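Nothing here was measured: the structure is a model prediction, and the numbers come from that model.
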Amino acid sequence: MKKIIAASMAFLMAGSLVSCGKDKSTDEANEKKTIGIAMPAKELDRWNSDGESLKKQFEDAGYNVNLKFSQNDSTRQNNDILAMLSDGVDLLLVAAVDGSTMSKPLAEAKSKNIPVVAYDRLIMNTDAVTYYISFDNYTVGKLQGEFVRDELGLNNNDGPFNIEFVAGDSGDNNARYFFNGAYDTLASYIDAGKLVIPSGKTSFERVATSGWTSDNAAKNMKTTLAGYYKDKELDVVLCSNDSTALGVTRCLADNYVGRRQPIITGQDGDIENLKNIVDGKQSMTVYKNVNDEAKVTYEVCKKLLDGEIPAAQLANELTIDCVFDSESYNNGVKYVASYLLVPNVITKDNLQVLVNTGLYQWDSANKYLELVK
């Protein structure tokens, strides 16, 4: 995979993208084209923000938008996509609930020569996917692992420290990249005995969390605590995202008998998790600027709708830091050309970074963050 070299604050420098300007003639041409956007669930901050941001981006450019949220139900999402195809769309943009179960609706899209762009989550086992737009998912896990390494001082401290992994849904291809990035980063310390996994759960399959839900993460963590931590300290819970971290945090409050507050990682910058970071209940989150992801997505989709072929040069033209990668993301049928953005680590000490994106603001007490309405 091509290496991404970026300053940790690069996304703050992101301004308007190349070719974002539009005139009346562009709008008139776009009015006849419809983008079908399929998002997993409106209830989660992440997907609601993504969906609305994408919708606004395309509508501001004069496109019609058919946006559907599928309540985290893969069957419903497949039916939503089939309905979009029946209604008539010129392009499908899909953040999959389960990227391994979409072969039927996407085969229909291909038969109608409708481009399919996978958003944030790679869609598996189909040749219908044209492009994939996401953050560097392996790097998300790597950043979480590096945070744990540095917080524990593993390069100079023999420990041992007890760690448990909490991964995402097994049907989400991204979840494996997150887990692998984190585990690979910490593997040498596990092999050296500096990090110990009392539960013995060292594979993705054993630590996966169905649906990425907080409830399932809490349930799994409760089982782990009961079986392995009656008389042990828990030093780290490496959670792949904020919803699983939230479940773990709630479980620890009710069931953990240890004296030390474990390091808890996350991803997404969800509001309740950011409050937990302020309160010391969660240690960090990996933030992905969804507005930047939406802007890159718009540029890729616009080229497809204009009959052009996006390629590496587009990544060079954008002011948002991303890289074109055609060698890393294989969906089981082909390597999918990908545009990968750079994620960033957020802790209690740099929450202002989120405010600077324009998506968050301080509350009236200047203590916690809230989303800008």
Side-chain angles (χ1 to χ4, degrees), residues 7-15 39 41-56 69 135 140 143-144 146-148 150-152 166 212-215 217-218 221 234-256 258-295 320 341-373:
S8 63
M9 310 291 283
F11 69 93
L12 294 178
M13 301 174 62
M39 287 280 133
K42 191 177 181 67
E43 294 73 24
L44 290 178
D45 288 345
R46 169 70 207 279
W47 299 121
N48 189 42
S49 295
D50 282 47
E52 295 302 328
S53 179
L54 287 161
K55 184 173 185 289
K56 184 178 188 304
F69 295 91
F135 285 79
V140 170
L143 290 172
Q144 292 170 337
E146 289 173 346
F147 180 87
V148 169
D150 295 343
E151 286 293 296
L152 295 178
V166 178
W212 288 96
T213 69
S214 299
D215 287 345
M221 192 74 240
L234 176 59
D235 298 293
V236 182
V237 187
L238 199 149
C239 301
S240 288
N241 83 330
D242 280 349
S243 60
T244 54
L246 193 61
V248 166
T249 300
R250 292 171 179 170
C251 175
L252 292 178
D254 295 333
N255 301 281
Y256 178 52
R259 300 182 306 276
R260 296 194 294 269
Q261 167 64 36
I263 294 168
I264 298 177
T265 67
Q267 173 195 179
D268 288 334
D270 290 346
I271 291 300
E272 191 167 353
N273 296 80
L274 295 175
K275 289 181 179 179
N276 282 343
I277 288 176
V278 171
D279 293 338
K281 298 176 183 178
Q282 183 171 324
S283 308
M284 61 86 81
T285 189
V286 177
Y287 178 67
K288 303 180 294 189
N289 190 328
V290 297
N291 274 4
D292 284 356
E293 190 174 12
K295 290 173 184 176
I320 290 172
L341 288 81
V342 180
N344 301 89
V345 171
I346 299 295
T347 68
K348 184 177 181 178
D349 295 330
N350 69 340
L351 289 169
Q352 182 63 33
V353 167
L354 299 182
V355 177
N356 294 343
T357 68
L359 299 173
Y360 297 81
Q361 63 188 14
W362 292 106
D363 66 7
S364 57
N366 206 39
K367 180 178 181 181
Y368 297 116
L369 295 186
E370 57 191 19
L371 292 174
V372 174
K373 302 298 184 182

Evaluate the side-chain hydrogen bond (donor to acceptor under 3.5 Å, both in side chains) criterion for residues Thr357 and Asn289: first the C-alpha distance (whole Å), next the side-chain angles of each, then the deciding distance (0.1 Å), finally the verdict.
CA-CA 8 Å; Thr357 68; Asn289 190 328; 4.9 Å; no
For the pair Ile320 and Lys295, evaluate side chain to side chain contact (heavy atoms under 4.5 Å, CB included) and give the outcome as yes or no after the intermediate values.
CA-CA 8 Å; Ile320 290 172; Lys295 290 173 184 176; 3.8 Å; yes
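One distance of note links CD of Glu146 with CE of Met284; it measures 9.5 Å at 0.5 Å rounding. The line from CE of Met221 to OG1 of Thr244 is 11.5 Å long, rounded to the nearest 0.5 Å. How far CD of Glu52 is from CG of Asn291: 12.0 Å, rounded to the nearest 0.5 Å.
Looking at every heavy atom in both residues, Cys239 comes nearest to Val248 through SG-CG2, 3.7 Å. In terms of heavy-atom proximity, Phe135 sits nearest to Pro343 at CD2-N, 3.8 Å. The two residues Ala217 and Gly247 come nearest to each other via the heavy atoms CB-CA, 4.4 Å. For the pair Ile277 and Ile346, the tightest heavy-atom approach, listed with the atom from each and the gap, is CD1-O, 4.3 Å.
Taking 4.5 Å as the limit, every side-chain heavy atom of Tyr287 sits out of range of all side-chain heavy atoms of Val353. Counting heavy atoms from C-beta on, the side chains of Leu351 and Trp362 come closer than 4.5 Å. Side-chain contact between Val237 and Ile263 is absent, with no heavy-atom pair separated by less than 4.5 Å. Using a 4.5 Å heavy-atom threshold, the side chains of Pro262 and Asp235 count as separate. Side-chain contact between Leu359 and Leu354 is absent, with no heavy-atom pair separated by less than 4.5 Å. For the pair Leu54 and Met39, the minimum side-chain heavy-atom distance is below 4.5 Å.
Among Asp349, Asn356, Asn350, the single residue meeting the side-chain hydrogen bond (donor to acceptor under 3.5 Å, both in side chains) criterion with Gln352 is Asn356.
The closest side-chain donor-acceptor pair between Thr213 and Asp215, if any, does not fall under 3.5 angstrom. Counting only N and O atoms by type, the side chains of Asp50 and Ser53 include no donor and acceptor under 3.5 Å apart.
With Lys42 contributing its side chain and Phe69 its backbone, the two residues share no donor-acceptor pair below 3.5 Å. Under a 3.5 Å cut-off, the side chain of Asn276 and the backbone N or O of Ala245 do not form any donor-acceptor pair. In terms of modelled atom types and a separation under 3.5 Å, the side chain of Thr265 and the main chain of Gln144 share no donor-acceptor contact. Distance alone, capped at 3.5 Å, is enough to place a donor-acceptor pair between the Tyr256 side chain and the Leu234 backbone.
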Quick one: side chains of residues 267-274, donor-acceptor pairs under 3.5 Å with protein atoms, not counting sequence neighbours, listed by atom name and distance.
unit_1	atom_1	unit_2	atom_2	d
Gln267	OE1	Lys288	NZ	2.6
Gln267	NE2	Ser240	O	2.7
Glu272	OE1	Arg250	NH2	3.3
Glu272	OE2	Arg250	NH2	3.1
Asn273	ND2	Asp242	O	2.8
Asn273	ND2	Gln282	OE1	2.8

Donor-acceptor contacts, no H, no angles, side chain residues 365-373, under 3.5 Å, sequence neighbours left out:
unit_1	atom_1	unit_2	atom_2	d
Tyr368	OH	Asp279	OD1	2.8
Tyr368	OH	Asp279	OD2	3.1
Glu370	OE2	Gln361	NE2	2.8

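Every residue meeting the side chain to side chain contact (heavy atoms under 4.5 Å, CB included) condition with Asn255, not counting sequence neighbours, appears here in chain and number order: Lys222, Leu225, Cys251.
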